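Contents: one structure, followed by commentary.
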Amino acid sequence: MSQQTIKLKNIVGTEQRMKQGIYIIIVFFLMAVDQSQAGEKRDLLQERSNNSSFSTWILPNKSWITFPAYSDREAWNKIPSNVRMSFIDEGEKYLDFSWPSIPASTYLDFVRTGSREVMQQPYRKRKKAMEALVMAELMEGKGRFLDQVVNGVWAYCEQTYWGLSAHLTMQRNGAGLPDANDPTIDLGVGMISADLAWIHHFFRKEFDDINPLISQRIKKEITDKVLTPFYTRNDFWWMGFNSDFVNNWNPWCNYNVLTCIMLIEDDRDKQLAGIRKVMKSVDQFINYYPDDGGCEEGPGYWGHAGGKLFDVLELLYKISGGNITLYDHELIRNIGTYIYKAYIAHPYFINFADAGARIHTRPGMIYRYGKRIKDVNMMGFGAFLAGKYGWKEGEISEGKIEITLHNIFILDDILKHEPIEPLSNHFWLPDTQIMGARDNAGTTDGFYFAAKGGYNAESHNHNDAGTFVLYYDGKPCIVDAGVGTYTKKTFSNERYDIWTMQSQYHNLPKINGEDQRFGKQYKATNCKFSASPSNIRFSTELATAYPEEAKVKSWIRSYQLKRGKYFKISDKYQLLAKSGETTFNFLTSCKADISIPGKVGLKGEGFSLWLHYESSKIEVSEEVIEISDSKLKKSWPQGLTRLVFSLKNDRLSGENTFIITK
């Protein structure tokens, strides 16, 4: 087969306006989840909310807030000058900022072309400007940025909807334009409302001195757009009240709603009822999580899943004076430690599901989470990442106002803490069915591989049951492409038309011309893991991940890491018939040389390896993939190559082995 070159472009469509009432964001593949994948009904938070002392636990009058008041200039001036100046310098960029409108046409673009970006670009510019101006004013304290903060506040208050065009599908009228009579709470609504709630908290007196209508308007808009819908509705899918499925939206939205309840709600009874409802909803997320703490959405989403769970648990801990706490529960510890188990080598993490291979995560939150669960490795990992991300130089902003403030006020502690790069020997998560192992603990030298079992209806699923990734000396070799820029197609019934979602573009076989399919019934089975000082083995049955058309009775995929020597992939199969081409596919970021029969040269960043195969049984071709998508390009600027090994014979059973050596 001759070399093919494919140029990957941003996906745009020409579809007409979506039908009324279709909730594409709750796409069919997210809802078709086997309840057996969910954890037990633990209801840990509801146990606390049902306590007879609950109402006395919740601290009154914002006494739970640990940040200094805006007027406490002595406290703010204790922040290192380089940190304060970095925020002031950033804020000065926006002193003449013209707050962009978000025209109706940009919302409509999502249903007209499938693009989210046309609407999200001005949205992000607004958010970045607002947060920069607020932080600059908090750092300087002279009122120089306040007029622009007020301009931003007013622009938001005049905006019908604070969320994203892609999430308007939550409306009863469907996507297109925001419906002022049907306020819904998505991720964007939550983030903007929480920012505005903190702005109201810090600058209320200053706003009232300018004009009392400013603070009044903020409170009205948050009440109308967030508090009232949350109090009165139970049908937002992310709440988990009407479905067995939840994902990162649950803690993410609940955290921001809880922030608004605590900062804006003055009615004590409504406040207590709202807190209880948040706790009941977050319990659905905790119940869904497997005991091993694995994040089925992958490390790229852990900061918005397990990390956001920490944010909401920490807020509950603070508003209750420490009486509402789950930090001693094994599940909460496991959810936290997952992030360093999934670490390969900076900046790479295992990127199964919708994630890039290069992940920029949250060192401050990781450090604080580790401190709460008393995990030294997790605290050290936070300190390690803080060093990598330039915290010493003052690069500690994470956008969101209160998250950035948390970073500022732990800066001294985290920089003094001993950094730990968590290069663990191996791990196995039996519930999530993900494993990882390296040649030697404590070093990135040599081989590292990770593999998964799983099922093809996981949150942010790719049809990838049984896939693996391989790194050498901490650099990628056999890879998972990750996910491109989100479009309307990404979360629709056309998801698996996208090449990055297909099993043939993962490190998996195509059997009798058939790829894996989406659905809870398509899964890896009989996963087995074993580890010894010299060998790591993982195997799984993949026949159950393919449709009947694949005519496969059994396909056992096995991986072996012979530490310090080689990595081996084996496929032992039994077919019911020969009805199409069968291929073994490997996606590599290396420069591949297929000119020598029986072995493929793989030249990566600072290393060279050989992939050995049986040329008498199979022949190899390559497909060069030029990356144009901006999101994919961050991980693979030089593009990718798919190695396609085709079976030469028509035998219905056999075994094929690939060995990768130095």
Side-chain angles (χ1 to χ4, degrees), residues 66-68 75-94 127-128 130-141 191 195 198 255 299-304 306-308 310-311 314-315 318 336-349 356-423 444 474 634:
T66 56
F67 304 135
W76 292 104
N77 289 335
K78 289 180 181 177
I79 296 169
S81 60
N82 68 320
V83 174
R84 285 189 291 109
M85 286 309 303
S86 70
F87 283 105
I88 292 169
D89 290 346
E90 182 66 18
E92 286 178 339
K93 298 176 184 177
Y94 298 97
K127 185 173 182 293
K128 185 177 181 181
M130 175 63 85
E131 290 165 345
L133 288 162
V134 169
M135 291 305 303
E137 184 56 42
L138 289 173
M139 295 298 114
E140 187 177 79
M191 288 187 288
D195 270 355
W198 279 111
Y255 167 69
Y301 267 93
W302 178 87
H304 303 312
K308 270 291 176 279
F310 170 75
D311 285 340
E314 187 68 355
L315 185 50
K318 288 184 175 181
T337 59
Y338 166 85
I339 190 60
Y340 67 73
K341 292 171 184 171
Y343 173 75
I344 300 173
H346 185 72
Y348 298 105
F349 288 76
R358 297 171 180 258
I359 296 174
H360 188 105
T361 188
R362 296 174 52 195
M365 181 269 292
I366 291 171
Y367 177 82
R368 291 187 295 119
Y369 198 146
K371 189 172 183 178
R372 285 294 188 206
I373 65 173
K374 298 179 174 62
D375 189 287
V376 174
N377 286 328
M378 193 171 184
M379 293 175 69
F381 189 38
F384 169 81
L385 292 173
K388 290 292 185 180
Y389 296 168
W391 275 38
K392 190 174 182 180
E393 291 74 39
E395 301 295 325
I396 60 178
S397 175
E398 292 190 22
K400 284 286 267 86
I401 293 165
E402 80 283 8
I403 301 300
T404 298
L405 290 175
H406 283 307
N407 290 349
I408 289 171
F409 289 106
I410 64 163
L411 180 60
D412 189 53
D413 287 345
I414 198 170
L415 292 181
K416 287 179 179 177
H417 197 279
E418 180 183 0
I420 297 174
E421 186 176 15
L423 304 174
T444 59
K634 290 178 182 178

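Computed from a predicted structure; not experimentally measured. Position 1 is the first residue of the sequence, and the numbers go up from there.
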Look at Asp311 together with Lys400 and state whether they make a salt bridge at an N to O cut-off of under 4.0 Å.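 A salt bridge is absent here (no side-chain N lies under 4.0 Å from a carboxylate O).
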Rounded to the nearest 0.5 Å, how far does [atom2] of [Y] lie from [atom1] of [X]?
X: Thr361; Y: Ile366; atom1: OG1; atom2: CD1; value: 4.0 Å
X: Met130; Y: Asp195; atom1: CE; atom2: CG; value: 8.0 Å
X: Lys318; Y: Glu314; atom1: NZ; atom2: CD; value: 5.0 Å
X: Met378; Y: Thr337; atom1: CE; atom2: OG1; value: 7.0 Å
X: Ile414; Y: Leu385; atom1: CD1; atom2: CG; value: 8.5 Å
X: His346; Y: Glu421; atom1: NE2; atom2: CD; value: 9.0 Å

Between [X] and [Y], what is the shortest heavy-atom contact and its length?
X: Ala136; Y: Gly91; result: CB-CA, 3.7 Å
X: Pro363; Y: Ala386; result: CB-N, 3.6 Å
X: His417; Y: Ala383; result: O-CB, 3.8 Å
X: Thr404; Y: Ile396; result: CG2-O, 4.3 Å
X: Ile420; Y: Phe384; result: O-CB, 3.5 Å

Contact between [X] and [Y] at the side-chain level, heavy atoms closer than 4.5 Å - yes or no?
X: Phe349; Y: Trp302; value: no
X: Glu418; Y: Val376; value: no
X: Ile403; Y: Met365; value: no
X: Arg362; Y: Phe310; value: no
X: Phe87; Y: Ile408; value: yes
X: His406; Y: Phe67; value: yes
X: Met135; Y: Leu405; value: yes

With sequence neighbours left out, what residues match Lys371 under salt bridge (charged side-chain N to carboxylate O under 4.0 Å, His left out)?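 Scan of Lys371 (salt bridge (charged side-chain N to carboxylate O under 4.0 Å, His left out), adjacent residues dropped) gives none.
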How would you list all residue pairs meeting side-chain hydrogen bond (donor to acceptor under 3.5 Å, both in side chains) that involve residues 377-392, not counting sequence neighbours?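 Checked against side-chain hydrogen bond (donor to acceptor under 3.5 Å, both in side chains) - neighbours excluded - no pair reaches residues 377-392.
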Residues in side-chain contact (heavy atoms from CB on, under 4.5 Å) contact with [X], at least two apart in sequence or another chain:
X: Ser86; value: none
X: Lys128; value: Glu90, Tyr94
X: Glu92; value: Ile88, Asp89, Leu95, Arg144, Phe145
X: Asp412; value: Lys416

Check whether the side chains of Tyr367 and Asp413 place a donor and an acceptor atom closer than 3.5 Å, and report yes or no.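 Checked: Tyr367/Asp413 side chains show no N/O donor-acceptor pair below 3.5 Å.
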Under a 3.5 Å distance rule, please check whether Tyr338 uses its side chain to pair with a backbone N or O of Lys341 as donor and acceptor.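 Flag not set: sc Tyr338 to bb Lys341 has no pair under 3.5 Å.
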Between Tyr340 and Phe381, what is the ring plane arrangement, given parallel below 30°, perpendicular above 60°, and tilted in between?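 Answer is perpendicular, since the angle exceeds 60°.
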